[in-house]
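Note that the structure is predicted; figures quoted are calculated from it, not measured.
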Amino acid sequence: MTYFIAGNTAVENALSLAHSALPNAPQQPHDEPAPRRTLAVRVRIGAVLRAAAEREVRLANRIDPTCSVS
């Protein structure tokens, strides 16, 4: 059972609980993962795909200007 003690953070509570449950277990250092950059990658990929689609539409219009798809 975990009790709330003013001034303790959730990390301190979790560490104390882990130490009390496994007092002789080796402790492994925890490294924070690098921040994800998926949003920036998605934005760039989306921009590249939109530019390629616009170019294909322009080329298609040069080949057959009578055909228009909306």
Rounded to the nearest 0.5 angstrom, the CZ-CZ distance for R42 and R37 is 15.5 Å
With sequence neighbours left out, the residues meeting side-chain contact (heavy atoms from CB on, under 4.5 Å) with R62 are L59
Members sharing I63's hydrophobic cluster, built from side-chain contacts under 4.5 Å between Ile, Leu, Val, Met, Phe, Trp and Tyr, are none
Those residues at least two apart in sequence (or on a different chain) that pass side-chain contact (heavy atoms from CB on, under 4.5 Å) with L49 are I45
